[in-house]
> 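Here it is, the structure in full.
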Amino acid sequence: MREISVPMHRPSALDPGRIPKLLRHTIDASVEKADAQRRLPDELYDELRECGAFRLLTPRVVGGQQASLVTVLAAYENLARIDASTAWVVWNANFGFIAALLDEAGVSRIWGCGQEPLLANAGRPGTAVPVDGGYRVSGHWKLVSGIAAADWLVVLAAVTRAGNSPGDAGAPDMRLFALTRAQFVIHDTWDSSGLRGTGSNDVTVEDAFVPSELAARLDARPRIDEFPYSGFIPALVFPGCSAIVLGVAQAAIDEFVRLAPGKRTPFGPLLAEQARTQSTLAGSEAAVAAARQLLLSVARDLDAAAEKRTPVTVEKRAEFRAAMSHAARVGREVIEAVYELASSSAIYRGTVLERLFRDGMVAVQHANHSAVFFEVAGRVRLGLDPGLPLF
């Protein structure tokens with residue numbers, strides 16, 4: 001593989017495991033501001049970029065970490081224990097693996113400008129019409145997290161001929177397209193109950209020309225055919241939200257443990273002294289730990305498949321999606337249980353449990369957490385077709 005020509009004066013990156021601890025003070029200090037302005041503050045973006053939080057999955061040849069799936073999931077979860085919005089933006093911005101899919105000219109366009117690019121992504125399909133030298137891309141994408149700070153937007157679009165729909169000739173040809181900031185319009189639509197700091201606004205693109213070198217196929221071997229890109233590429237994207245939900249649930253448990261010993265209920269004993277509290281707390285912590293181990297176990301299997309260049313079976317993909325939906329279900333149940341136990345202490349704006357409840361309830365609403373994936377996994381287990389595209 002010929003080396004990409006990119007500047008080498010990139011900021012040093014930290015071990016991903018150290019990022020949450022070292023940025024805790026900045027993240028904590030940014031929570032209220034992010035909530036009020038509905039996006040992360042610029043100073044937090046600067047520190048996250050400086051420490052390498054946005055290039056965990058980017059190839060080493062362009063200054064990235066090229067980390068394993070297990071490593072990035074742990075980083076997302078630990079960030080979510082501090083602030084879910086920060087973790088969510090970091091997850092969505094880690095789309096640098098596209099450098100392993102694009103040709104060298106495309107990589108140089110994005111990474112050869114002298115500073116690390118900040119990416120955002122949108123997963124619902126738009127349309128792309130082939131033209132001389134590239135494609136004309138159009139679409140309306142909702143919930144594009146971190147878009148206000150992004151230098152580039154990577155969208156999913158179905159390639160179709162002019163006048164035809166994407167499904168006219170069998171399975172759609174889905175590809176990733178990288179768009180410059182001048183090619184998309186941001187619509188201020190993000191006014192949510194939780195994850196307010198993610199700035200997940202709508203974006204529209206109208207007939208934007210994207211050259212062929214900035215289009216990446218999803219049905220071909222990656223140009224940088226190395227770990228982790230030699231595995232199941234969607235696995236580098238999908239499970240980040242599940243790790244974040246588990247991080248929020250664990251943070252809710254930890255905050256409740258700090259609250260309970262000093263909270264007296266109207267019925268006499270301290271909250272921590274009640275059998276119901278003790279049982280619910282222990283059960284919740286065990287459930288989160290078990291869901292975490294299940295998610296990481298499947299992630300390890302996917303990492304191993306990528307390292308050995310072995311195909312990821314449909315059965316393993318089904319386990320993977322079921323583990324994500326299970327993490328969301330457990331996260332929802334635990335966050336609700338802790339919120340109920342804390343009673344009035346969890347209802348006031350500005351308290352930790354109140355924010356965790358809002359953020360957690362929004363995070364579990366993500367389409368990746370849909371209960372339909374339990375049905376998909378069940379279909380596979382019964383020897384039936386999964387029934388979903390891009391599964």
Side-chain angles (χ1 to χ4, degrees), residues 54 56-58 69 72-73 76 87-102 110 118-128 135 137-150 152-160 166-167 171-179 183-187 189-190 192 195 198-205 208 210 214-219 222 229 231-245 302 317 320-321 324-325 327-328 362-373 376 386-391:
F54 298 132
L56 302 179
L57 292 170
T58 303
L69 179 57
V72 297
L73 291 182
Y76 298 155
W88 201 267
V89 169
V90 169
W91 164 50
N92 277 269
N94 264 288
F95 230 73
F97 62 83
I98 194 176
L101 308 179
L102 295 172
I110 299 175
L118 187 57
L119 309 177
N121 79 87
R124 297 182 182 184
T127 60
Y135 304 82
V137 175
S138 300
H140 182 172
W141 291 270
K142 296 183 177 181
L143 303 169
V144 186
S145 300
I147 186 61
W152 292 80
L153 171 64
V154 181
V155 301
L156 184 69
V159 177
T160 181
D173 177 4
M174 307 299 291
R175 304 190 189 190
L176 296 174
F177 296 88
L179 296 134
Q183 292 177 301
F184 57 84
V185 177
I186 302 171
H187 304 275
T189 55
W190 186 242
S192 61
L195 294 179
T198 61
S200 302
N201 286 302
D202 285 17
V203 174
T204 54
V205 175
V210 178
L214 291 176
R217 299 187 66 95
L218 294 171
D219 59 352
Y229 318 117
F232 181 49
I233 288 291
L236 301 180
V237 182
F238 294 153
C241 53
S242 308
I244 290 168
V245 166
L302 293 170
R317 298 182 195 187
F320 165 57
R321 297 310 300 246
M324 290 175 54
S325 291
V362 171
V364 296
Q365 295 295 96
H366 195 284
N368 279 340
H369 290 145
S370 173
V372 72
F373 289 111
V376 169
L388 286 181
L390 289 179
F391 178 75

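Index from 1, following the sequence. What's counted below: heavy atoms across the whole structure, side chains too, no hydrogens, waters or symmetry copies.
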> In the structure I gave you, are the side-chain heavy atoms of Ile233 and Phe97 within less than 4.5 Å of one another anywhere?
yes
> Examine distances only and state if a side-chain atom of His366 and a backbone atom of Asn368 form a donor-acceptor pair shorter than 3.5 Å.
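Judged by distance alone, yes, a pair lies under 3.5 Å.
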> Could you tell me whether a side-chain N or O of His369 sits under 3.5 Å from a main-chain N or O of Ala363, the two making a donor and an acceptor?
yes
> Check whether Asn121 reaches the backbone of Val154 with its side chain - one donor and one acceptor, N or O, closer than 3.5 Å.
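No, because the side chain of Asn121 does not come within donor-acceptor range (under 3.5 Å) of the backbone of Val154.
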> Hey, mind stepping through Trp152 and Leu179 against side chain to side chain contact (heavy atoms under 4.5 Å, CB included) and telling me if it holds?
CA-CA 6 Å; Trp152 292 80; Leu179 296 134; 5.8 Å; no
> List the atom of Phe320, the atom of Ala235, and the distance in Å for their closest heavy-atom pair.
CZ-CA, 3.8 Å
> Kindly indicate, with the supporting measurements, whether the criterion side chain to side chain contact (heavy atoms under 4.5 Å, CB included) is fulfilled by Val90 and Phe54.
CA-CA 6 Å; Val90 169; Phe54 298 132; 3.9 Å; yes
> Heavy atoms, side chains only, cut-off 4.5 Å: are Asn201 and Val144 in contact?
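No; the side chains remain at least 4.5 Å from each other.
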> Testing the basics here: between Leu118 and Ala93, what is the closest heavy-atom pair and its distance to 0.1 Å?
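What the structure gives for the nearest pair is CD1-CB, 4.2 Å.
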> Which pair of non-hydrogen atoms, one from Leu73 and one from Ala243, has the smallest distance, and what is that distance?
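That would be O-CB, 3.5 Å.
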> For Ser145, give me all partners under side-chain contact (heavy atoms from CB on, under 4.5 Å), at least two apart in sequence or on another chain.
Trp88, Asn92, Thr198, Ser200
> Tell me, do Leu102 and Ile110 make a side-chain contact under 4.5 Å, heavy atoms counted?
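Yes - at least one pair of side-chain heavy atoms lies under 4.5 Å apart.
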> Determine whether Val72 and Leu57 satisfy the following criterion, side chain to side chain contact (heavy atoms under 4.5 Å, CB included), listing intermediate values before the conclusion.
CA-CA 8 Å; Val72 297; Leu57 292 170; 3.9 Å; yes
> Does the side chain of Ser138 come within less than 4.5 Å of Val205's, by heavy atoms?
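When only atoms from C-beta onward are counted, Ser138 and Val205 do not touch, as no gap falls below 4.5 Å.
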> Using the salt bridge (charged side-chain N to carboxylate O under 4.0 Å, His left out) criterion, which residues pair with Arg217? Sequence neighbours excluded.
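Partners of Arg217 by the salt bridge (charged side-chain N to carboxylate O under 4.0 Å, His left out) criterion, ordered by chain and then number, come out as Asp219.
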> Which value, rounded to the nearest 0.5 Å, describes the distance between Gln183 atom CD and Leu214 atom CG?
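Reported to 0.5 Å precision, the distance equals 8.5 Å.
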> Check ring pair (Phe, Tyr, Trp, His ring centres under 6.0 Å) between Phe184 and all other residues, then give those that pass, not counting sequence neighbours.
none
> Side chains of Thr58 and Phe95: does their closest heavy-atom pair fall under 4.5 Å?
no
> Measure the spacing between CZ of Arg317 and CZ of Phe232 and express it to the nearest 0.5 Å.
4.0 Å
> If you round to the nearest 0.5 Å, how far is CD of Gln365 from CG of Leu195?
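So the gap between those two atoms works out to 10.5 Å.
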> With a 6.0 Å cut-off on the ring centroids, do Tyr135 and Phe177 count as close?
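Centroid distance Tyr135-Phe177: below 6.0 Å, so yes.
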> What's the shortest heavy-atom distance between Ala122 and Leu153, and which atoms?
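Smallest interatomic distance, heavy atoms only, reads N-CD1, 4.3 Å.
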> When you look at Leu156 and Leu176, which way does the side chain to side chain contact (heavy atoms under 4.5 Å, CB included) test go after all the steps?
CA-CA 5 Å; Leu156 184 69; Leu176 296 174; 4.0 Å; yes
> Taking all heavy atoms of Ser242 and all of Ala327, pick out the closest pair and write down the distance.
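Answer, listing the atom of Ser242 first, then Ala327: CB-CB, 4.1 Å.
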> Could you tell me whether the side chain of Ser325 and the main chain of Phe373 form a donor-acceptor pair under 3.5 Å?
no
> Do you know the tightest heavy-atom contact between Ala216 and Leu101?
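Closest pair (atom of Ala216, atom of Leu101, distance): CB-CB, 3.8 Å.
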> Counting only N and O atoms by type, is there a donor-acceptor contact under 3.5 Å from the side chain of Trp141 to the main-chain atoms of Arg124?
yes
> Do Asp202 side-chain atoms and His187 backbone N/O form a donor-acceptor pair below 3.5 Å?
no
